[in-house]
Colleague: 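Dropping a structure here in structure tokens format, bear with me for questions.
Along the sequence shown, the residues carry numbers beginning at 1. Each ligand, and each atom within it, is numbered from 1 in the order the structure gives.
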Amino acid sequence: MIPFNKPHLTGKETHYIYDAVYSQGKLSGNGKYTKLCQEFFQDKYHFSKTLLTTSCTDALEMSAILVNIQKGDEVIMPSYTFVSTANAFILRGAKVIFVDSLDDHPNIDPKKVQKAITAKTKAIVVVHYAGIACDMDKIMALANKHNLFVIEDAAQAIDSFYKDRPLGGIGHLSTFSFHETKNISSGEGGMLVINDKRFIDRSEIIWEKGTNRASFFRGEVNKYGWVDIGSSFLPSELTAAFLYAQLEHLNEIQAKRKKLWTQYNQLLANKSDFFGKKIKKPVIPNYATNNAHMFYLLLDSLEDRNDLIKILKNKGLHSVFHYLPLNESEYFKKHYQGEELKNTKLFSNNLLRLPFYTDLEFKEIENKIV
Ligand SMILES: *Cc1c(COP(=O)(O)O)cnc(C)c1O
């Protein structure tokens, strides 16, 4: 059986962990490897400030604290996303306003965002689904007009671009994931990107449990203590050492994934059906690049999608679906109500993800299904 995902190792991970353990003499966070990872992103994508976190979930929670979400504030986001996008803001008392996806892509529809803005709106959270950019000019224009913060959930969007601008570098704040299922991984892991410089000082405090420890160690203050709310958001050096070994091979990893994506795309190029089921392939708008995070297909119905999962399973391929609409979830329905979101439902019912990981050789796929 070809699994849906398999972690990729570059070879240096345990070497750097060994170095962290035996040479650095520092296992807690914010040491040599944390700094190397943070600088990697600042140098490569010109992000003004980056902080490693233990997950993208944590980075989203930091964002909600930073934009100072208060009870009753409205936060607009897609319904077709992972629960963490919403939970982070719910935890701070926000009222989440779920907005529907575009007709041809799971990304949030800017026209529907515009309609959802009220006097209580504080922030818009966009999710670059499959690493494909949302239409950020439209989103940023709405945010500027209504004085809102924009947070990019760039969990899936490493090394992807919107009109030559790196994703994660456009909103006021952005969050990345290094979970095992993402392009670059440390098992569990994440990063907060601070693009709006007003947030930099406070982000370090929230990261360090609400203390000014980071500025104490830089010699900027002569004692450190409790100055704000915060939590334990920073990962240990062991995680950062693993992550750095992956980042050193980012280009190679991306080249392999893009090759696999192209091979899937070519296999299905002239096909309107796949094992008797009608399929549509992913749409990539011309303002967006493709970072080969995943390869998905759209079927005509829930029934077709579930049938195809079974057919592929019999052939030896593990394919999956995801994201039950958050607006229809048990938790959300208990506390809130809202209209049905047509496109969200469509992607939830009809989307199928094929096995996709860095070490997957397309020959393995061809051996099973061609
Ligand atoms: C993976 C993912 C997350 C969660 O990332 P973690 O690092 O596991 O917390 C959040 N949002 C989206 C869109 C994701 O794909």
Colleague: Honestly curious: do Leu27 and Ile17 fall in one hydrophobic cluster under the side-chain, below-4.5 Å linking rule?
Modeller: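 Leu27 clusters together with Ile17.
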Colleague: Using atom types as modelled, flag every donor-acceptor pair under 3.5 Å from a side chain in residues 119-145 to any protein atom, sequence neighbours excluded.
Modeller:
| residue | atom | partner | partner atom | Å |
| --- | --- | --- | --- | --- |
| Thr121 | OG1 | Thr118 | N | 2.8 |
| Thr121 | OG1 | Thr118 | O | 3.2 |
| Lys122 | NZ | Asn68 | O | 2.8 |
| Lys122 | NZ | Asp73 | OD2 | 3.1 |
| His128 | ND1 | Cys134 | N | 3.1 |
| His128 | NE2 | Glu152 | OE1 | 2.8 |
| Tyr129 | OH | His322 | NE2 | 2.7 |
| Asp135 | OD1 | Tyr162 | OH | 2.7 |
| Asp135 | OD2 | Lys138 | NZ | 3.4 |
| Asp137 | OD2 | Tyr162 | OH | 3.3 |
| Asp137 | OD2 | Lys163 | NZ | 2.6 |
| Asn144 | ND2 | Met140 | O | 3.3 |

Colleague: Considering only the protein, which heavy-atom contact is closest to atom 9 (O) of ligand 1, and what is its distance?
Modeller: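 For this ligand atom, the closest protein heavy atom is Thr57 OG1, 2.5 Å.
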Colleague: Which ligand 1 atoms, with their elements, are less than 4.0 angstrom from a heavy-atom of Gly189?
Modeller: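 So the atoms of ligand 1 that pass are 7 (O).
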Colleague: Say whether Ala59 and ligand 1 are in contact under the criterion: heavy-atom distance to a ligand atom below 4.0 Å.
Modeller: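 In this structure, Ala59 fails to qualify as a contact of ligand 1 - no heavy atom is under 4.0 Å.
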Colleague: Of all the atoms in ligand 1, which lie at a distance below 4.0 Å from a heavy atom belonging to Val127?
Modeller: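 Listed by number with element: 13 (C).
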Colleague: Just so I know, are the side chains of Ser84 and Asp58 near enough to count as touching, which here means a heavy-atom distance under 4.5 Å?
Modeller: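 A side-chain contact is absent here, since even the closest heavy-atom pair is not under 4.5 Å.
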Colleague: Which ligand 1 atoms are under 4.0 Å away from a heavy-atom of Lys182?
Modeller: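 Going through ligand 1 atom by atom, the ones under 4.0 Å from Lys182 are 1 (C), 2 (C), 14 (C), 15 (O).
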Colleague: Closer than 4.0 Å to some heavy atom of Phe82 - which atoms of ligand 1 meet that?
Modeller: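 Under 4.0 Å from Phe82, ligand 1 has these atoms: 3 (C), 4 (C), 10 (C), 11 (N), 12 (C).
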Colleague: For atom 15 (O) of ligand 1, what is the closest protein heavy atom, and at what distance to 0.1 Å?
Modeller: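 The closest heavy atom on the protein side is Gln156 NE2, 2.9 Å.
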Colleague: With a cut-off of 4.0 Å, which atoms of ligand 1 are near a heavy atom of Ser55?
Modeller: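 That gives atoms 7 (O), 9 (O) of ligand 1.
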Colleague: Please identify which of these residues, Phe332, Tyr323, Phe89, meets the ring pair (Phe, Tyr, Trp, His ring centres under 6.0 Å) condition with Phe98.
Modeller: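 Looking at Phe332, Tyr323, Phe89, the match for Phe98 under the ring pair (Phe, Tyr, Trp, His ring centres under 6.0 Å) is Phe332.
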Colleague: Where is the nearest protein heavy atom to atom 7 (O) of ligand 1: which residue, which atom, and how far?
Modeller: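 For this ligand atom, the closest protein heavy atom is Ser177 OG, 2.7 Å.
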Colleague: Judged by modelled atom types alone, do Thr34 and Asn30 share a side-chain donor-acceptor pair under 3.5 Å?
Modeller: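 Side-chain D/A pair, Thr34 to Asn30: absent.
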Colleague: In terms of atom number and element, which parts of ligand 1 are under 4.0 angstrom from non-hydrogen atoms of Tyr323?
Modeller: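 Near Tyr323, the atoms of ligand 1 are 13 (C), 15 (O).
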Colleague: To the nearest 0.1 Å, how far is atom 10 (C) of ligand 1 from its closest protein heavy atom, and which atom is that?
Modeller: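 The closest heavy atom on the protein side is Asp153 OD2, 3.7 Å.
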Colleague: Output the distance between atom CZ (Phe178) and atom CD1 (Ile158), rounded to the nearest 0.5 Å.
Modeller: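 Going from CZ on Phe178 over to CD1 on Ile158, the span is 5.5 Å.
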Colleague: So which protein heavy atom does atom 12 (C) of ligand 1 come closest to, and at what separation?
Modeller: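 I find the closest protein heavy atom is Ala155 CB, 3.4 Å.
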Colleague: Donor-acceptor pairs under 3.5 angstrom involving side-chain atoms of residues 1-10: please list them, not counting sequence neighbours.
Modeller:
| residue | atom | partner | partner atom | Å |
| --- | --- | --- | --- | --- |
| Asn5 | ND2 | Glu180 | O | 3.3 |
| His8 | ND1 | Asp359 | OD1 | 2.9 |
| His8 | ND1 | Asp359 | OD2 | 3.0 |
| Thr10 | OG1 | Glu13 | OE1 | 3.3 |
| Thr10 | OG1 | Glu13 | OE2 | 3.2 |
| Thr10 | OG1 | Ala245 | O | 3.0 |

Colleague: Does either side chain, that of Asn343 or that of Tyr80, offer a donor lying less than 3.5 Å from an acceptor on the other one?
Modeller: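 Asn343 vs Tyr80: no donor-acceptor pair found between side chains.
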Colleague: Answer with yes or no whether the hydrophobic clustering places Ile170 together with Phe199; edges join I, L, V, M, F, W, Y residues whose side-chain heavy atoms lie under 4.5 Å apart.
Modeller: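 Hydrophobic grouping puts Ile170 apart from Phe199.
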Colleague: I want to know if ligand 1 touches Leu60 in the polar sense, i.e. an N/O pair below 3.5 angstrom.
Modeller: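 For ligand 1, there is no N or O atom that lies under 3.5 Å from one belonging to Leu60.
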